[in-house]
Structures are given as structure tokens and as C-alpha cells.
Amino acid sequence: MTDRLLRGRLLTFHRAPADQNDTDAFTYHEDGAILVREGVIAASGTFDAVAPTAPCADIVDHRPHLITAGFIDAHIHFPQAQIVASWGAQLLDWLNGYVFPEEARFGDESHAQAIATRFFDVLTEHGTTTAAAFCSVHAASADAYFAEAERRNMRMIGGKVMMDRNAPDTLRDTPQSGYDDTKALIERWHGRGRAGYAISPRFAITSSPQQLEMAGALATEHPDCHIQTHLSENREEIAFAASLYPEASDYLNIYERYGLLGGKMLLGHCIHLEEREVQCLAETGAHPVFCPTSNLFLGSGCFDHARLDKAGIQSAIATDIGAGTSYSILQTLNEGYKVLQLQSQSLHAMRGFHWMTRGNAEVLGLADRIGTLDEGTEADIVVLDARATPAMALRMDRVETLAEELFVLLVMGDDRAVAQTYIAGEPHKETRR
């Protein structure tokens, strides 16, 4: 495999920046280069320093575009790709009216395979190189998801949902079959190539105590797997969960009682949290996931990032397709900025770019592999054009700083701003210069 040298303006983060002037938190090279060798970043720095180390490399000149680590989506639903922008309802009605009928289609293996191809195309077109996804209750949907990721050599996390009640017959497993199917999928896919498995009880409403007990057993047996579910998205949901688990002190305590909390757990939404729940998240290291476009679309509420951050809790950010309204992490942060603004909280551009790259990688426990342009990490890379549309070009004519450019990308950018996506060093499409 021939070495590839990517030239452009490089931006990578070492930690979360305290503010836009925290230059120790990131490295920026106006004329930089990344040497890609066998899917890994072999060197990264200024072009003058890196180019002489690889005189035979194929040079791809992306100047004047910006090169960053690929984007990471910490919460997305693979079987919901065709119900994005389905009109009007709040969470529980939306699940029954749109989600469950759509996910029932994934019992057809050929359908799951066909959607997987298109789903991954859309992800990479938007600059997303890693995601943590819920599949349907059918094991075949997870097989289709992981097989397509393997074909593209993408680092992806996923799992079949476990749900044995409060869902149509076509979408229910049993505590035992959910355990057996998940166990087999872990053995088949976890750690194979770049695949990682997430044990995935959908949420307490659709899992019986027996099923959550089985999920806890899986977590004990496979401590290197992620766990993903939903928490406190909607007040009606919280009340329903409380009625199903009257012995629990609060919603989070349901999962806590079954040994599911820990540093590998991803909890979608976490909007309406009690103080005890915040303290428990801090103590256990479980991670909330902010899904701004979904929360706005379903009218669920505003994620209180400052409250969680003050408690020392590290949150991820995600699209939550299909209640989410855009595959673009850039647009997700655009809406996230507004949600925080409504609460007098600030999200500056540097923090936003850190969040969707290294920040999400840290939450997933993968910052040693993805989320940066550091030497030795996997070459998942995105090339961004801040002048991709006439409106963006008009705005950019007045931009004077890197922080201003990043904010233009966060507010006005989408898939059109993605000039190229590299997966393990391989370009997703013909390069747009």
C-alpha cells in the first residue's frame, strides 16, 4: 500500500479548551501534513517537517481547506434512517407511530443490508467516521450493520436492541433470547477488525426486570463492551418508567439496580435529572449523551450541560437519527449551541470541535485510537471547506481568525462543507479541491 501525504491546514486537540484563547489545548498548522501508512497516521506536523520523511508518498493537496479528525456520533439509530422528518408527536407517540413500524421492517435481512449501504454512505458524506448505533431487535440487523462497517473498514460500535414488553409482537424478544442473541453477536463481532459491541436494552419501558437482569449479566461477562440505553428524555416517559419499577428511587436507579452503570455506559438524553441522579452519574462515570436536534424536534426539553459539567460528568454529543433531524455533527452542534444559549450557557467553536472529535472519543474510551491527528492513531480524517456555499463564502470574506472560521463551519456547515472523508486513510469519494 502506497503511503499518502495529506497537505492542508491541520487542527487537532489535546484536551478540552477552557476558552477560545486556550492555545495549549490544540495544535494548529497553517501548512501542515499527515503521513498515512497502512491506515494509521505515521506522522503529523508541518509540511516542511513531514514531507522529507516520505519522499515517495502520493501527495494530496487539500489547501486551503482545514483537516481535522473525523467526526464521532455517540448515539444514532440505524433502523430509523427512513423516518427522519416524520411529522409531529412527542416521544412515546412517536415511538409507536413511526419507530416501531419502521424497525419491524428490519426483520427482513435483505432490507437491513440495503439500508446499511445507504446509511454508511450518508454518514461518511457528512464526515462521520465512527458512531455508536442502536440496531433493531433482530440479530440480522446488527449483522448487516457490522458487515457493512467491516467492508468499509470503519470503527463502529453497535448492538441489537433488547426489548421484551410494551412493543409490537414483531419487535419483542424475551429475556433469554435477548441474552442469547446478544451473546452470539458479541462473539461474532466484538473486537473483529474495528468493530465494538454495545449491549443495548432500549430503555426501561421496553425491558422487563428479567431482561435488565440479563443485560447486567452480559455486562459482567463482557466488561470491555459498551452499554447504551436512554434516560429521562421526556416527562411522560419518566412517569411510565417509574410506574413499571416502583421499587426504584428514580429513573437512573432502575439501571443502577441491575449493575449497568459505569464508564462504558452511554445514556441518551438525560434532560430531566434529579440531583441524586447527577451525583450517581458522577460517581459511576456513566456518560450522558446530548442529542439537541432530537430534543428540539420532539419537544423533550433542554440538556443542562453546565450542571453536568460542574459535577465532573463528561457528556458526549450525537445526532440521534431518526428523531434527530440531521446526520451532520456540524448542524448538531449548531442546534446544541442554541439549546445552551437558551439556558445562558456558552459553547465556543473550539469547544465544539473538540467535543465532536477528541471529546466523544474520550467518552467512548477510544482517544488512543480515534478523535485526533496524533501519530499512531487510526487515519480517520475529515477535510472541511468553510467556503462550500455562496452564503458561507460571503461570510468568510470577513473572517479573520481560526475561531471565527470554526464557528462559521458549526453554524452554517453541513455535508456540503465536507470536501473529503478518509476512513483508515482511504478516501470516501473523489477529492474535491
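For the numbers below, each heavy atom of this structure counts, side chains included, while hydrogens, waters and symmetry mates do not.
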Query raised in the report: Do the ring planes of F203 and H230 sit parallel (below 30°), tilted (30 to 60°) or perpendicular (above 60°)?
Result: perpendicular
Worksheet item: Heavy-atom distance under 4.5 Å between the side chains of I329 and H126, does that happen here?
Response: no
What class does the angle between the rings of W189 and F146 fall in, given that below 30° is parallel, 30 to 60° is tilted and above 60° is perpendicular? parallel
Correct closest heavy-atom pair for V161 and D173 would be O-OD2, 3.9 Å
* Asked: Can you check whether Y197 and H190 have ring centres sitting under 6.0 Å from each other?
  -> no
Worksheet entry | Contact check, side chains of V60 and H62, non-hydrogen atoms, under 4.5 Å | yes
All heavy atoms of H77 vs all of F119, minimum pair found to be O-CE1, 4.4 Å
(Q) Classify the ring geometry of F290 against W355: parallel below 30°, tilted from 30° to 60°, perpendicular beyond 60°. (A) tilted
Applying salt bridge (charged side-chain N to carboxylate O under 4.0 Å, His left out) to D93 and not counting sequence neighbours gives none
Checklist entry - Side-chain contact, heavy-atom cut-off 4.5 Å: R105 with I115? => result no
side-chain contact (heavy atoms from CB on, under 4.5 Å) filter on Y337, not counting sequence neighbours, yields Q341, L347, F407
Q) Is the W94 ring parallel, tilted or perpendicular to the Y98 ring (thresholds 30°, 60°)? A) tilted
What one should report as the nearest heavy-atom pair of S315 and F303 is OG-CZ, 3.6 Å
**OP:** Compare all side-chain heavy atoms of D320 with those of T293 and state whether any distance is below 4.5 angstrom.
**Re:** no
| query | Is the shortest heavy-atom distance from the side chain of E362 to the side chain of H354 under 4.5 Å? | reply | yes
By side-chain contact (heavy atoms from CB on, under 4.5 Å), D3 pairs with (sequence neighbours left out) L35, R37, A57
(Q) Under 6.0 Å between ring centres: does that hold for F120 and Y145? (A) yes
Determine whether I381 and L373 make a side-chain contact, defined as any pair of heavy atoms from C-beta on separated by less than 4.5 Å. yes
